[in-house]
Amino acid sequence: MAGSFKANFTFKILLIQIASMEYSFRQIEKKWQAEWKAQQTYQVSNDSDKPKCYVLDMFPYPSGAGLHVGHPLGYIASDIYSRFKRLKGYNVLHPMGYDAFGLPAEQYAIEHGVHPAVSTETNIQNFRNQLDNIGFCFDWSREVRTCDPSYYKWTQWIFLQLFESYYNRATGKAESISSLVAIFEEKGNEGVVCPGEPGLQFNAADWKAYSSHRQQEILMNYRLAYCGYGEVNWCEALGTVLANDEVVNGVSERGGHPVVKKKLRQWYLRITEYADRLLEGLDRIEFSEAMKEMQTNWIGKSYGAEIDFAVKSEKGSVSSLRVYTTRPDTIFGVDFMVVAPELDIVEGLKSEGQAAAVEQYLDYVKSRSERERMAEKKITGVFTGSYAINPFDGREIPIWLSEYVLAGYGTGAIMAVPCGDERDHRFAEHFSIPITNIIGAQYDGKEANPTKDAILENSGFLNGIGMREATEIVLKKLEEMGIGNRKVNYRMRDAAFSRQRYWGEPFPVKWQNGVAKALPASDLPLELPYVESYKPGPEGEGPLANIPEWIAAELETNTMPGYAGSSWYFLRYMDPKNDKEFCSRAASDYWGQVDLYIGGTEHAVGHLLYSRMWTKVLYDLGHIGFDEPYKKLVNQGMIQGSSRFVYRINGTNTFVSKGLLNEEGMYEGKLVDKLHVDVNIVDGYALDTEAFKKWKPEYAQAEFVLENEQYLCGSEVEKMSKSKFNTVNPDHIVERFGADTFRMYEMFLGPVEISKPWDTKGIEGVHRFLKKFWRLYVDENKGLNLTDEAPTAAELKVLHRTIRKIEEDTERFSFNTGVSGFMICVNELNELKCRKKSILLPLLVLLAPYAPHITEELWQLAGQAGSVLDAAFPEFKEEYVRESAKAYPVAINGKTRTEITIGLEASQAEVEEIVLANELVQKWLEGKAPKKIVYVKNRMINVVI
RNA sequence: GCCCGGGUGGUGGAACUGGUAGACACGCAGGACUUAAAAUCCUGUUCGCCGAAAAAGCGAGUACGGGUUCGAUUCCCGUCCCGGGCACCA
């Protein structure tokens, strides 16, 4: 008994010892995360002799769902790059913070009665824990939050800069409103076109004679941040304004209530004044061509003309119709006009006979969102009963209304040339409008041809003239006749900058007698007051309108949108604690532009354009020394999720199982709304209907139409996002495999810029690699197992190839191939049974940016001083990898047939001789002479027969 | 609809500037070690044809159809499918 007990006891001790030298990743990771925190290893100074490098991740919104595996993809990439740059001797700024204002927190407040500040704080804590788990090198002492008054004080301050500025087109930059007033007092607005009211003209005397109310109204039309009127999605039943996101099939996602458009007073940013500079700036920054193209298209600069057509109508109240066209040369091909249904002149255009049809059409359009209108393939429209007169041949052209023409672009009216424009063509065919062919054989009668190179026919005085030339002739003639002028147009509109919401920055503005007055900077921050209820105010105003004190103080009741705080946050990180300035000039001069910005393409035209504009304004006003915020942008692809959908019969609370829908996605002839459902309450495709009822209050009374006693959901691969309820939490991945494995696996999945669906299987391979790596240094029984022997040539070759590979791949953000490079290296060193410090210590440094915890542990075990984070990146030496010969693939007619090893210095003649002597090549030649032998040094050889 | 991106084995992907398609992994199959399992290690793995098998060989192959080229996953034209954005999600 005793002997057996003792043996058992010893055995246990042995087990513990063995276990202690295994790769126990959780223990190692927690140890070093605590150590780095204690040592403040990641704190960065603004004062350093080293070259600077600013690496930034796009500002996350701390959602209640927490991090999903898609978020850290970019953070890991930037983390690896930051650590790599640190090893390379840079002073690296790599900060993180929270874009903490936003709709979801408010939505949550409405649904659960929790104050957004409370839920946001909880979410941030949660986010932070999740981030810490992964071992990022963020300098948390620089953390910022947009909802913190010490932060939004400066958001409000920058808003005041915008409010107190206008864009001087003559100097091409923002200047102060006071300097504009000085110009007005001296000479009126001559030479200073009013962007908000282009026809406006007044002299100094006029200006002085204006009431102060009128003066303020004029100034408002110049300000970079200004007030105007705009349409919003208004839901009467909810008494609130909805985001496009929240509107499905013309009804609210919450509750399925009708949504119509309503005009409300709104703030705007005059980003259109910066259109040309936003275009020009693209030439000076390293964004992908696709990204530049998207921004260019969004800005949508076009050169064309505005033309006034005389109108013949029953009422006679409309004398002319102004259209915008980029193709004045096609004016003889105009077969009809299309006017946006919202335009005021519609009332005057409709004839008695068409009145009913027009009214019916207007009702239809009112129920449609802009998104739906643009996505519509179906052709809709109505004839107004009026005609425009072609100024050159007097032809009467019918005027139609159609939703494919948008009120906000150009003049809201177009001249339709069906033979040259696809949409016009389909419209003409659909409504049987006769088509005039002005390009002869270039038009086949079936499809529009948008060519610019045809010779015009059927075109009066333009007959026989090329289109490009004709454009100029027509423009001159229109100008002579006084009915048209050249016009540069932008598709981009001014950015709506107010929300009828609670959880955002209050505007530092008072309304007195209908005039907006800026609060003095000394009153900032204007703090967001506490509210009991998040219900909208009267007439769709924001919740702040419900606070008597707020109203009594005459304060603006709108709040700023999400992109306000995120448009300048990269500056605040440089000097986060400054309570005198948004960022000291010394700090912004030291850090300068963001050297590497990583984030998704979903911000291509929103955030990235706004923050570029804000930067330009701050630059113009002399607050910073550069006018582009981001020097280089790398787009991370999305890690996609697999979403699930439920189908609600439109206007009801009844949900129909997927299999019961017909091919058009209808149920018994009824329209259904397709709604996302949380993947966590769906098993495969089967919905847990009880959990569904508890999921959201509005579903508590939901009824289900089942198939085979189950409710089956639809599925789609799409972006992983809180709003699509399809997220996977990284925490449990880290728990099972460790942070180093998680980091490397995310990178190993594929190129950082490509989207791919998440799949947990496959992570084993990376985990195995790290265990193998560990065993290169540590014998699980004996412990550390390194020698001081001199390395062999083969070992040096493996090491230096890896140095080159990792350096190149990290520098070009090809982290996936970097990881595979490490795998190859470890496989080869294993084969060589290499345990030499001279090889393995440099390898530790190479791997440190990718897997910081395991490398720091081994660095310490190997008795190295200091942290591996501050080691020097090993230097690549070409001499160790140099080859003297290459095994060339030899192809016959492009098809590889064999391999021949030839010295690298061989000449064409020598190669030909060697190749022709080869037995296999001779077999293919069958005695004939080759036509040609292609030899590309260090690449391949091709024998052409 | 418009703009942008993508499509390569059973799966994720590699091939960087037009030069050996499938690196590196996952999965799968077989084997070694073990009483067994886990862990670890080894071998094979694009498809088809020809072989008893192995070796070798032949043919096809990077969404589909064309083109340029000695040579195309890579460049050009057209088609299909998937994803992102389209102005109040951030």
Side-chain angles (χ1 to χ4, degrees), chain A residues 22 58-61 63 99 101-104 107 230 232-233 241-247 266 288-291 293-294 296-298 300 370-371 373-378 404 408 422-423 426 492-496 498-501 561-563 566 600-607 609 635 637-638 640 716-719 721-723 745 748-751 753-757 759 761-766 768-769 771-772 775 808-809 812 814 816-817 819-824 827 887-891 893-899 930-934 936 938-945:
Chain A
E22 269 177 6
M58 280 189 188
F59 219 14
Y61 175 80
S63 82
D99 189 11
F101 275 133
L103 199 50
Q107 204 55 44
V232 295
N233 299 313
V241 174
L242 297 176
N244 285 337
D245 250 26
E246 302 174 293
V247 183
Q266 301 281 2
S288 68
E289 284 311 309
M291 183 65 52
E293 221 171 311
M294 274 191 265
T296 303
N297 291 339
W298 179 264
E370 200 165 320
R371 177 103 40 112
R373 284 172 58 174
M374 285 188 296
E376 191 55 84
K377 283 189 218 172
K378 195 169 73 190
Y404 81 88
E422 226 175 281
R423 271 209 289 196
R426 282 200 302 267
M492 180 168 67
R493 308 196 293 259
D494 280 341
S498 50
R499 302 290 183 260
Q500 291 68 50
R501 303 283 181 186
Y563 66 83
S566 61
T601 54
E602 69 272 24
H603 297 287
V605 291
H607 161 65
L609 276 175
N635 288 118
M638 239 153 290
Q640 295 153 318
E716 260 167 51
V717 168
E718 51 182 5
K719 108 180 185 184
S721 119
K722 51 199 181 280
S723 63
Y745 181 57
F748 188 61
L749 266 181
E753 57 274 89
I754 299 295
S755 295
K756 55 252 160 190
D759 183 5
K761 84 177 184 205
I763 199 170
E764 289 280 357
V766 174
R768 248 170 243 158
F769 156 76
K771 285 200 266 190
K772 241 187 265 182
R775 287 197 304 267
E808 278 177 9
D809 286 358
R812 67 186 175 101
S814 180
N816 57 327
T817 53
V819 174
S820 100
F822 282 120
M823 289 173 167
I824 293 167
N827 288 346
Y888 280 94
V890 178
N893 286 337
K895 182 98 196 156
T896 306
R897 296 295 174 185
T898 187
E899 216 171 61
K931 278 195 192 134
K932 186 166 152 188
I933 294 177
V934 182
V936 183
N938 212 9
R939 290 283 181 199
M940 45 58 70
I941 294 160
N942 188 15
V943 182
V944 185
I945 299 174

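With C1' as the reference atom, B:G61 and B:G7 are 15 Å apart, rounded to whole Å. The same atom, C1', is picked in B:G65 and in B:C80; the two are 11 Å apart, to the nearest Å. For the P atoms, the distance from B:C77 to B:G84 is 26 Å, rounded to whole Å. If you take atom P in B:G57 and the same atom in B:G9, they sit 25 Å apart, rounded to whole Å. For the P atoms, the distance linking B:U62 with B:U20 amounts to 16 Å, nearest Å. For B:C47 and B:A23, the P atoms lie 13 Å apart once the distance is rounded to whole Å. Going from the P atom of B:A60 to that of B:U79 covers 29 Å, rounded to whole Å. Taking the P atoms as reference points, B:C64 lies 14 Å from B:U11, given to the whole Å.
A distance-only check finds a donor-acceptor pair linking the side chain of A:Asn942 to the backbone of A:Gly894 [under 3.5 Å]. The closest donor-acceptor contact from the side chain of A:Asp99 to the backbone of A:Phe59 lies at 3.5 Å or more, if one exists at all. Under a 3.5 Å cut-off, the side chain of A:Thr601 and the backbone N or O of A:Ala604 do not form any donor-acceptor pair. Side chain of A:Arg501 to backbone of A:Val241: a donor-acceptor contact under 3.5 angstrom is found.
Of the inter-residue distances, the one linking A:Tyr888 atom OH with A:Glu899 atom CD reads 12.0 Å to the nearest 0.5 angstrom.
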How does protein reach along nucleotides 19-28 of chain B, written 5' to 3' as B (base within reach of a heavy atom under 4.0 Å), S (only sugar-phosphate), or - (no contact)?
BBS-BBSSS-
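At a threshold of 4.0 angstrom between heavy atoms, the contacts of A:Pro751 are confined to the sugar-phosphate backbone, with no base atom among them. In this structure, A:Ser498 reaches the bases: a heavy-atom distance under 4.0 Å links it to at least one base atom across the strands shown. In this structure, A:Val241 reaches the bases: a heavy-atom distance under 4.0 Å links it to at least one base atom across the strands shown.
Between A:Leu609 atom CG and B:C86 atom C1' there is a gap of 13 Å when expressed in whole angstrom units. Here the P atom of nucleotide B:A90 and the CD atom of A:Gln107 are 11 Å apart, to the nearest Å. Between the NZ atom of A:Lys771 and the C1' atom of B:U40 there is a distance of 9 Å, rounded to whole Å. Rounded to whole angstrom, the span from the CZ atom of A:Arg897 across to the P atom of B:G57 amounts to 10 Å. Put simply, CD on A:Glu808 is 8 Å from C1' on B:C16, counting in whole angstrom units. For A:His607 and B:C89, the NE2 to P distance is 16 Å, given to the nearest whole Å. When rounded to the nearest whole Å, the span between CG of A:Asn635 and C1' of B:G85 equals 12 Å. Rounded to an integer number of Å, the gap from A:Leu749 CG to B:A14 P is 11 Å.
Atom CZ of A:Arg939 sits in a sparse spot, with 12 or fewer heavy atoms from other residues, nucleotides or ligands closer than 6.0 Å.
Residue side chain A:Glu602 does not reach the base of B:C89 through any donor-acceptor N/O pair under 3.5 Å, judged by distance alone.
Between B:A90, B:C88, B:A87, one nucleotide has an atom nearer to the side chain of A:Met492 than all others, and that is B:A87. If you check B:G13, B:G84, B:A87 against the side chain of A:Lys756, the one that comes closest is B:G13. Side-chain proximity of A:Arg775 to B:C41, B:C70, B:C86: nearest is B:C41. Candidate nucleotides B:C88, B:C70, B:C16 were compared by shortest atom distance to the side chain of A:Gln266, and B:C88 ranks first.
Classified by its glycosidic torsion, B:G65 falls in the anti category, the angle being over 90° from 0. By the rule that a glycosidic angle within 90° of 0 means syn, B:G71 does not qualify and counts as anti.
Closest of all the heavy-atom pairs between A:Met294 and A:Val605 is O-CG1, 3.8 Å. Between A:Ser820 and A:Phe748 the shortest heavy-atom distance is CB-CE1, 4.1 Å. The nearest pair of heavy atoms linking A:Ser498 to A:Pro561 is N-CD, 4.4 Å. Scanning all heavy atoms of the two residues, the minimum distance from A:Pro751 to A:Asn816 falls at N-ND2, 3.5 Å. Taking each heavy atom of A:Ile945 and A:Lys931 in turn, the nearest pair found is O-NZ, 4.0 Å.
In secondary-structure terms, RNA chain B builds stems of at least 3 consecutive Watson-Crick or G-U pairs, each pair having both distances under 3.5 Å, at B:1-7 with B:80-86, B:10-12 with B:24-26, B:27-32 with B:40-45, B:46-49 with B:57-60, B:63-67 with B:75-79.
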Expected rows: protein N/O vs nucleotides 3-7 of chain B N/O, under 3.5 Å:
residue, atom, partner, partner atom, Å
B:C3, O3', A:Asn297, ND2, 3.0
B:C3, O2', A:Asn297, ND2, 2.7
B:C4, OP1, A:Glu293, OE2, 2.3

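RNA chain B is contacted by both A:Arg501 and A:Lys932; A:Lys932 maps to the nucleotide lying nearer its 5′ end (nearest heavy atom per residue).
Inter-residue side-chain proximity for A:Val232 and A:Gln266 is flagged as met; some heavy-atom pair is nearer than 4.5 Å. A:Arg812 is listed as a side-chain neighbour of A:Thr817, based on a closest heavy-atom distance under 4.5 Å.
Checking the phosphate oxygens (OP1, OP2) of B:A87, no side-chain nitrogen or oxygen of A:Arg493 falls inside 4.0 Å.
A side-chain contact (heavy atoms from CB on, under 4.5 Å) with A:Ile933 is found for one member of A:Val944, A:Ile941, A:Val890 and no other, namely A:Ile941.
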